[in-house]
Each structure stands twice: as C-alpha cells, then as structure tokens.
Amino acid sequence: ALQNVSFDLPAGETLAIVGPNGAGKSTLIKVALGLVKPEKGHAAIFGVDAGKNPKRIGYVPQKLHIDETLPMTVKRFMNLPGGHSADTVATALAHAGVPELGKQQIMDLSGGQFQRVLLARALLGKPDLLLLDEATQGLDHRGSADFYRQIASVRKNLGCAIMMISHELHVVMSQTDRVICLNGHICCQGEPETVSDSPEYHALFGLDQESEASLYLHRGHHRHTDVKQVSHV
C-alpha cells in the first residue's frame with residue numbers, strides 16, 4: 001500500500017495527509033499506531049518504535065458505532081474503561097469545545113457533537129501526537145470548518161503534533177502547516193498553497209486550473225519528493 005514514504009512531524013506542527021481512496025492513508029495511520037509493521041524501513045514515535053507508547057497518542061477515528069439501545073451519558077462514555085477523574089474528563093471536554101455535554105446521552109448528540117466527544121476522548125491523556133482519520137466525514141462544510149478550528153485551538157493549548165488524514169485538501173488547508181499528497185508514495189509536499197497549485201495534485205484528483213483548488217494561489221515553488229523509507233514521526 002505504501003512505498004518510499006518518509007517524513008518527520010515535529011512537536012507543535014499540523015500535517016495533513018491527503019489522497020484519493022486507496023492511496024494508503026489508512027495504512028499510514030495503522031503504521032503510526034503500531035498496528036501495522038513496515039516491511040522495510042522504520043516507524044518511530046518520540047524515538048520509540050511505533051505502538052510502544054500509545055498513551056502519548058490520541059486517535060480520532062472516522063466513525064464509531066454505538067448500539068442505539070444502550071443508555072450512556074457522555075461522561076460515562078468518556079470514562080470507559082475507567083480510571084479518569086471528573087476533572088480530567090471535564091478538562092478534555094473543554095479542550096474539545098463541548099464542556100456542556102457531559103450529562104447528555106450519547107445517542108442524543110448530533111454528528112458534529114459526537115465527533116467533538118471523540119476528540120475529547122482522544123485528549124484525555126494530553127497526547128503529544130494527535131491522529132485524525134477523516135474525522136469530519138459525514139459533517140457538512142460548516143461543521144467541518146468548526147471542527148478544524150477547534151483542532152487549531154487544541155494545538156495552541158496542548159502544543160501537540162497533529163496529523164490529519166483527509167481526501168479533501170480545501171477542507172483542512174486553512175488549519176494546516178504542511179501537506180503531503182499521498183498515492184501509495186509521496187506525490188508532492190509542502191505548504192498548503194504550494195500543494196494545491198501543484199501539477200501532481202491536480203493530476204491526482206482530476207482537477208483543472210479552474211477548479212476550486214485553484215483558488216488557493218502561492219508564490220512558492222513546487223518540489224517533488226523522492227524519499228527512501230517509511231515514516232519517522
């Protein structure tokens with residue numbers, strides 16, 4: 001699924017990984033979480049093999065199915081399987097921008113509220129690395145924009161590195177420092193405006209110069225990346 005993918009993600013930086021379906025984005029997340037071991041190269045988180053220190057990683061999935069017949073408040077959901085103090089839960093909800101949701105039933109939440117709760121759950125351990133796997137899938141444009149503004153607030157308050165997986169650059173680019181365009185390998189990378197205007201990005205997504213992505217102009221220079229090993233995060 002991935003070949004010759006190598007990059008570093010320093011503390012305090014937000015990196016977006018964009019690419020079409022089948023580009024290897026989910027595999028990259030699994031490598032970072034230590035669920036998949038690279039056949040070649042090396043994946044390290046904080047200088048330790050990926051998967052060896054999960055408590056320092058927060059993860060927000062695309063979606064999470066919960067039985068609709070199961071009564072559960074947000075506070076109870078946040079505390080599964082237990083061990084978190086009420087103050088820790090309240091702080092995480094506040095960082096996610098939903099301090100008022102603690103007493104609500106999970107099944108009464110809107111899609112946007114539920115994604116904020118998943119974000120809060122990922123923040124319980126004050127992670128050094130936050131991974132977002134298509135975290136706004138199913139949300140409308142306004143909901144997605146609000147979510148990513150909250151992510152910017154999380155980075156400001158916690159100082160963590162953030163890796164966002166998406167198939168739509170225009171959705172994440174306003175809150176991103178750097179973009180890697182992925183299609184089994186790194187097609188191009190750089191600042192959001194640079195990538196959105198690059199020929200490789202346009203060719204990969206079937207865009208022309210009149211497309212929405214062309215609204216994001218830049219004065220930099222595109223650089224195609226030829227790299228040799230699997231990620232150092």
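The figures that follow rest on heavy atoms only: side chains count, while hydrogens, waters and symmetry mates do not. A quick note: this is a predicted structure, and the numbers were derived from the prediction, not measured.
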**Message:** Go through it in stages, so that I can follow the logic: the residues are Val179 and Glu191, the test is side chain to side chain contact (heavy atoms under 4.5 Å, CB included), and I'd like the CA-CA distance, side-chain angles, deciding distance and then a yes or no.
**Reply:** CA-CA 6 Å; Val179 176; Glu191 295 180 353; over 6 Å; no
**Prompt:** Stepwise, does the side chain to side chain contact (heavy atoms under 4.5 Å, CB included) test hold for Ile165 with Leu132?
**Reply:** CA-CA 6 Å; Ile165 302 294; Leu132 309 173; over 6 Å; no
**Request:** Given side-chain hydrogen bond (donor to acceptor under 3.5 Å, both in side chains), test Ser153 with Asn157 step by step and report yes or no.
**Result:** CA-CA 6 Å; Ser153 176; Asn157 291 325; 3.3 Å; yes
**Message:** Apply side chain to side chain contact (heavy atoms under 4.5 Å, CB included) to residues Arg116 and Asp146 and explain how you reach the verdict.
**Reply:** CA-CA 10 Å; Arg116 294 294 188 95; Asp146 287 345; 3.7 Å; yes
**Request:** Run the numbers on Thr176 and Leu15 for side chain to side chain contact (heavy atoms under 4.5 Å, CB included), then give the verdict.
**Result:** CA-CA 6 Å; Thr176 300; Leu15 171 68; 5.9 Å; no
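In terms of modelled atom types and a separation under 3.5 Å, the side chain of His95 and the main chain of Ala90 share no donor-acceptor contact. Judged purely by atom type and a 3.5 angstrom limit, Arg121 has no side-chain atom pairing as donor or acceptor with the backbone of Tyr59.
Taken from CG in Leu70 to CZ in Arg76, the straight-line distance is 6.5 Å, to the nearest 0.5 Å. Once rounded to the nearest 0.5 Å, the distance linking OG1 of Thr136 with CD1 of Ile151 reads 9.5 Å. Taking CG of Leu130 as the reference point, atom CE of Met163 lies at 10.0 Å (rounded to 0.5 Å). Note that the CG atom of Leu33 and the CD1 atom of Ile57 stand 6.0 Å from one another [nearest 0.5 Å]. Note that NZ of Lys25 and OG of Ser166 are 8.0 Å apart. Values are rounded to the nearest 0.5 Å. We find the SG-OH distance between Cys187 and Tyr201 to be 11.5 Å, quoted to the nearest 0.5 Å.
A salt bridge is defined here as a Lys NZ or Arg NE, NH1 or NH2 lying under 4.0 Å from an Asp or Glu carboxylate O, and Glu13 with Arg178 meets this definition. Using a cutoff of 4.0 Å between basic side-chain nitrogens and carboxylate oxygens, Asp177 and Arg155 are scored as salt-bridged.
Cys181 places none of its side-chain heavy atoms less than 4.5 Å from the side chain of Ile186. Under the 4.5 Å side-chain criterion, counting only non-hydrogen atoms from C-beta, Met72 is in contact with Leu80. Inter-residue side-chain proximity for Met164 and Thr14 is flagged as met; some heavy-atom pair is nearer than 4.5 Å. In this structure the side chain of His185 never reaches within 4.5 angstrom of the side chain of Leu2, judged on heavy atoms. Contact annotation: the side chain of Thr73 never approaches that of Gln104 to less than 4.5 Å [non-hydrogen atoms, C-beta and beyond]. Annotation: side chain of Val74 is not in contact with side chain of Phe114 (no heavy-atom distance under 4.5 Å). In this structure, Thr194 and Gln189 have side chains that are not in contact, with every pair of non-hydrogen atoms separated by 4.5 Å or more. Val89 has its side chain within reach of Leu124: a pair of non-hydrogen atoms, C-beta onward, lies under 4.5 Å apart.
Heavy-atom minimum distance, Gln115 versus Phe147: O-CE1, 3.8 Å. For Ala92 against Ala120, the heavy-atom pair with the smallest separation is CB-O, 3.3 Å. Between Leu182 and Ala23, the closest heavy-atom pair is O-CB, 3.2 Å. Scanning both residues, Val60 and Ala135, for their nearest heavy atoms gives CG1-CB, 3.9 Å. Residue Cys160 comes nearest to Leu129 through the heavy atom pair CB-N, 4.3 Å, listed as atom of the first residue, atom of the second, then distance. In terms of heavy-atom proximity, Cys188 sits nearest to Ser198 at SG-OG, 3.5 Å.
If you check the side chains of Ser85 and Thr88, you find a donor sitting under 3.5 Å from an acceptor. Residues Ser144 and Asp140 have side chains that never bring a donor and an acceptor to within less than 3.5 angstrom of each other.
Only one option out of Ile17, Asp133, Leu131 pairs with Leu28 in a side chain to side chain contact (heavy atoms under 4.5 Å, CB included); it is Ile17.
Each of Met107 and Leu139 belongs to its own hydrophobic cluster when Ile, Leu, Val, Met, Phe, Trp and Tyr are linked at side-chain heavy-atom distances under 4.5 angstrom.
The number of heavy atoms from other shown groups lying within 6.0 Å of CD (Glu134) is above 12.
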